[in-house]
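Accompanying notes for the structure given below.
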Number of protein chains: 2
Amino acid sequence: MKKTSLNDIAVELGVSKTLVSLVLNGKGREHRISEKVCKKVIAKAKELNYQPNQIAKGLRTGKTNTIGLIIADIANPFFGKLGREIENEASKHGYRVMFCSSDEKAEKSKQQIEVLQQGLVDGFIISPPTGSEEQILKLEEAKIPYVLVDRFFPEIDSNYIVVDNFLAAYDATQHLIKEGYKKIACVTINDKLVNMSQRLEGYKKALADANIEVAESRIKTLPFSHEKDDVLLAVTELAGGAEKADAVLFTTSKVGVMGLECIHSLGLQVPGNLAVVSFDDPDAYRISNPPVTAIAQPLKEIGSRSVKILMDLMNKRKGKKNPQQVMLKTNFVERSSSKK
Amino acid sequence: MKKTSLNDIAVELGVSKTLVSLVLNGKGREHRISEKVCKKVIAKAKELNYQPNQIAKGLRTGKTNTIGLIIADIANPFFGKLGREIENEASKHGYRVMFCSSDEKAEKSKQQIEVLQQGLVDGFIISPPTGSEEQILKLEEAKIPYVLVDRFFPEIDSNYIVVDNFLAAYDATQHLIKEGYKKIACVTINDKLVNMSQRLEGYKKALADANIEVAESRIKTLPFSHEKDDVLLAVTELAGGAEKADAVLFTTSKVGVMGLECIHSLGLQVPGNLAVVSFDDPDAYRISNPPVTAIAQPLKEIGSRSVKILMDLMNKRKGKKNPQQVMLKTNFVERSSSKK
DNA sequence: TGACTTTGTTAAATCGGTTTAGCAAAGCTA
DNA sequence: TAGCTTTGCTAAACCGATTTAACAAAGTCA
């Protein structure tokens with residue numbers, strides 16, 4: 001039993017498929033289709049359980065009602081939660097979401113964007129990996145609607161939604177200083193992305209403003225593709241030796257979660273031996289013992305606003321609009337991992 | 001500048017689009033297109049950066065190369081990780097994934113399945129919520145390829161991949177008994193799903209087999225849509241009073257994470273005051289202090305096998321095959337939250 | 001009554017591919 | 001040289017919707 005098509009209804013009722021299409025799209029009145037015929041069509045459509053083929057519709061109208069979401073990894077709770085917010089907001093606008101995990105690899109995100117661009121989505125929400133500038137520029141040239149989230153490229157005039165990473169790192173570091181910590185370390189990633197560099201800058205600036213010398217040995221920059229061993233090495237170095245730290249700022253939750261695991265496995269007391277503050281706020285930080293002070297990102301707002309901006313871009317064909325570039329505040333969640 | 005179509009290439013070269021299509025689909029040789037012309041077409045396609053429109057292709061061939069993934073919530077790390085495995089495996093087969101979070105609501109999953117069924121996907125991987133039997137039966141009738149994961153309906157002869165929930169709960173409870181715990185509680189959810197009921201049954205059977213009376217007061221069944229307050233109440237009751245428990249089994253990580261948060265906020269020592277074992281193994285359990293004993297599910301295997309089964313269903317039109325019903329073993333990860 | 005409107009409906013083009021059926025020219029056989 | 005085969009290519013149908021342009025019939029006006 002095949003699915004019923006527009007034509008099936010038309011044939012059964014002995015009318016044209018134009019008429020059926022018009023009626024079912026609510027354009028009956030507008031096109032002066034008689035009340036009687038309208039009802040007949042609607043009734044038959046219901047009887048045959050007619051569901052329009054979205055592919056055919058998409059081909060004709062050039063709209064898919066789908067947005068492509070390119071993020072690093074849907075298994076990472078940060079992106080999982082963001083993805084969920086995006087899904088929710090998109091759904092309110094009648095849109096679906098195709099998701100792709102790029103693993104922060106430019107080549108992978110390039111492939112994904114290229115495939116989805118082949119008529120599969122109407123626009124993109126992208127968390128662009130390092131080195132994907134070219135791909136973003138191509139979207140710009142092709143006038144494909146897109147919004148960047150979490151990071152952006154200063155040299156490209158995109159629409160984006162990010163948080164104030166510099167300020168967040170600055171405030172977090174200052175918090176540790178105020179609590180009385182002096183030897184504050186930072187564990188970050190070797191990533192050229194502006195959000196990462198800003199976090200490091202914020203950390204450095206806070207130390208400098210408090211007249212604390214920035215000890216390069218307390219800045220641990222992990223390889224771009226970092227594993228637990230890399231983190232363990234960093235934490236071990238910070239835990240002992242001449243450059244021993246009394247507090248640490250983790251610049252992502254991925255690093256932070258691995259870091260805490262290492263801290264625990266080394267038998268270090270938090271915050272006694274080492275105070276901890278981390279970017280992002282996964283569930284884990286609430287049930288860690290002690291709970292971990294976190295720099296929470298407004299994921300709900302990032303998600304809903306990015307979708308709204310994208311909808312604007314997709315619906316309004318009014319030439320080039322001024323790009324929307326939003327910088328939100330993070331939410332500092334003070335917990336006991338950073339108390340003196 | 002519009003995207004180049006098949007026809008553009010055909011016109012530029014003065015050949016038919018049939019020829020172009022055949023050549024670009026690697027059927028040139030098969031259809032005796034001359035070597036020279038083949039090369040010309042391929043060169044021109046590259047020159048114009050031709051990307052076939054997947055929508056048009058999909059309309060004609062009836063294939064979308066997309067699978068629909070219906071899960072409870074992509075923000076839940078359990079489903080996030082599962083989603084990622086599914087994405088990876090699907091990608092190996094040239095498939096994309098459209099994801100939908102149903103929030104365990106049958107009505108929502110019904111809508112989502114219905115929409116995706118309108119030509120948007122070739123098949124489904126579904127974690128069906130309570131009450132969605134009817135929807136699954138409809139898929140069965142319509143002969144839409146689908147695979148259930150995490151749960152299934154005993155009365156419907158579906159393809160599915162689940163874990164042995166009874167055994168997992170049995171073993172976990174037995175572990176607690178062996179460690180010397182006597183007053184073992186279980187915090188679960190009021191959900192008719194077979195996976196949930198089997199977890200409870202496994203727990204009860206282990207107690208019975210050890211000649212420990214099953215105290216109904218130590219079985220806390222949370223509302224279907226449970227919030228932290230519900231968990232807090234349950235944990236508080238288990239922590240004190242006449243029915244005080246010395247160990248607890250959480251039947252999902254969502255409950256477990258909330259439960260641990262409550263345990264910590266009540267100032268209870270783990271495992272001193274209350275030992276803990278939980279289904280699932282989110283990151284949080286590794287960095288919790290002490291780390292939490294977990295019943296880890298083989299998400300990688302669930303993901304890859306569900307996709308493989310789905311691929312089989314989609315590719316082989318050889319009538320009705322015997323349903324593949326797979327029951328995998330969980331992986332018990334003993335950590336210090338359950339040691340005496 | 002002839003011209004003009006309005007009403008109700010439809011044929012056909014279109015989106016961009018895939019696929020079927022077949023045709024013209026060249027080569028080969030007898 | 002008639003007839004058959006092979007080679008190389010194409011016209012047209014098709015997938016299932018939307019949309020444009022138009023047409024017949026009925027009603028209105030002068």
Side-chain angles (χ1 to χ4, degrees), chain A residues 2-42 44-45 48-66 115-122, chain B residues 1-42 44-45 48-66 115 117-122:
Chain A
K2 270 187 52 203
K3 292 204 64 170
T4 49
S5 73
L6 250 201
N7 209 41
D8 297 338
I9 298 181
V11 169
E12 282 226 17
L13 294 177
V15 297
S16 72
K17 50 181 191 165
T18 305
L19 187 149
V20 178
S21 171
L22 291 173
V23 169
L24 295 180
N25 283 304
K27 298 184 185 164
R29 190 148 288 276
E30 182 184 335
H31 284 258
R32 304 190 295 269
I33 311 295
S34 69
E35 202 59 39
K36 202 171 60 180
V37 175
C38 281
K39 279 189 179 147
K40 212 170 59 173
V41 169
I42 291 169
K44 182 58 85 176
L48 299 180
N49 187 30
Y50 170 68
Q51 308 285 129
N53 181 318
Q54 299 295 331
I55 291 288
K57 191 173 196 159
L59 179 58
R60 179 63 234 247
T61 62
K63 295 255 322 161
T64 61
N65 282 284
T66 302
V115 172
L116 294 192
Q117 222 181 312
Q118 297 165 17
L120 290 168
V121 302
D122 296 337
Chain B
M1 179 159 50
K2 269 188 53 203
K3 293 203 65 169
T4 49
S5 74
L6 248 200
N7 208 42
D8 297 338
I9 299 180
V11 169
E12 282 226 19
L13 294 176
V15 297
S16 72
K17 51 180 193 166
T18 305
L19 187 149
V20 178
S21 171
L22 292 172
V23 170
L24 296 180
N25 283 305
K27 296 184 186 165
R29 190 147 289 279
E30 181 185 334
H31 283 259
R32 304 191 296 271
I33 310 296
S34 69
E35 202 59 39
K36 202 171 58 178
V37 174
C38 281
K39 280 190 180 144
K40 212 170 58 173
V41 168
I42 291 169
K44 182 59 85 176
L48 299 180
N49 187 32
Y50 170 68
Q51 307 286 128
N53 181 318
Q54 300 295 330
I55 290 288
K57 192 172 196 158
L59 178 58
R60 178 64 231 246
T61 61
K63 297 255 319 163
T64 61
N65 283 284
T66 302
V115 172
Q117 222 181 312
Q118 297 166 18
L120 291 168
V121 303
D122 296 337

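These figures come from a predicted structure and were not determined experimentally. Throughout, protein chains are lettered first and strands after them, A, B, ... in sequence-line order, and every chain is numbered starting at 1. Values below: all heavy atoms of this structure, side chains included; hydrogens, waters and symmetry mates excluded.
- Rounded to whole angstrom, the span from the CG atom of A:L48 across to the P atom of D:dA17 amounts to 12 Å.
- Between B:H31 and B:Q51, the residue anchored nearer the 5' end of DNA chain C, judged by the nucleotide with its closest heavy atom, is B:Q51.
- Following rounding to the nearest Å, B:L6 (CG) and C:dT14 (P) show an atom-to-atom distance of 17 Å.
- Set against D:dG16, C:dG17, C:dT9, the side chain of B:A56 has C:dG17 as its closest nucleotide.
- Taking 4.0 angstrom as the limit, A:S16 places none of its side-chain polar atoms (N or O) nearer than this to OP1 or OP2 of C:dA11.
- In the set D:dT18, D:dG16, D:dA11, the nucleotide with an atom closest to the side chain of A:S5 is D:dG16.
- Regarding B:I55, its CD1 atom lies at a distance of 16 Å from the C1' atom of C:dT14, rounded to whole Å.
- Side chain of B:L59, nearest nucleotide from C:dG16, D:dA17, C:dT10: C:dG16.
- Of the candidates C:dT10, C:dT18, D:dT19, C:dT18 carries the atom nearest the B:K57 side chain, counting heavy atoms from C-beta on.
- A distance of 8.0 Å separates CD1 in B:I55 from CG in B:L120, rounded to the nearest 0.5 Å.
- Atoms CD and OG1, on A:Q54 and A:T66 in that order, are 8.5 Å from each other to the nearest 0.5 Å.
- Here the CD1-NZ distance, from A:I9 to A:K40, works out to 12.5 Å after rounding to the nearest 0.5 Å.
- Below the 3.5 angstrom threshold, one finds a donor paired with an acceptor across the side chain of B:T18 and the base of C:dT19.
- Residue B:T61 places its side chain closer to C:dT18 than to any other of C:dT10, D:dT19, C:dT18.
- D:dT18 atom P lies 9 Å from atom CG of A:L22, rounded to whole Å.
- Between the CG atom of B:L24 and the C1' atom of C:dG17 there is a distance of 11 Å, given to the nearest Å.
- An OP1 or OP2 oxygen of D:dT18 is reached within less than 4.0 angstrom by a side-chain nitrogen or oxygen of A:N25.
- Between the C1' atom of D:dG27 and the CZ atom of A:R32 lies a distance of 13 Å, rounded to the nearest Å.
- You'll find the side chain of B:L6 reaches within 4.5 Å of the side chain of B:L24, heavy atoms only.
- We find that NZ of B:K17 is positioned 9 Å from C1' of C:dT18, with the value rounded to whole Å.
- For B:N53, the listed nucleotide lying nearest its side chain is C:dG17; candidates were D:dC9, C:dG17, D:dT18.
- Across D:dG8, D:dA11, C:dT19, the shortest atom-to-atom separation from the side chain of B:K27 is found for C:dT19.
- Side chains of A:E12 and A:L48 form a contact here, defined as non-hydrogen atoms less than 4.5 Å apart.
- Note: CG (B:L19) to C1' (D:dG8) measures 9 Å, nearest angstrom.
- Between D:dC9 and B:S34, a contact under 4.0 Å exists linking OP1 or OP2 to a side-chain N or O.
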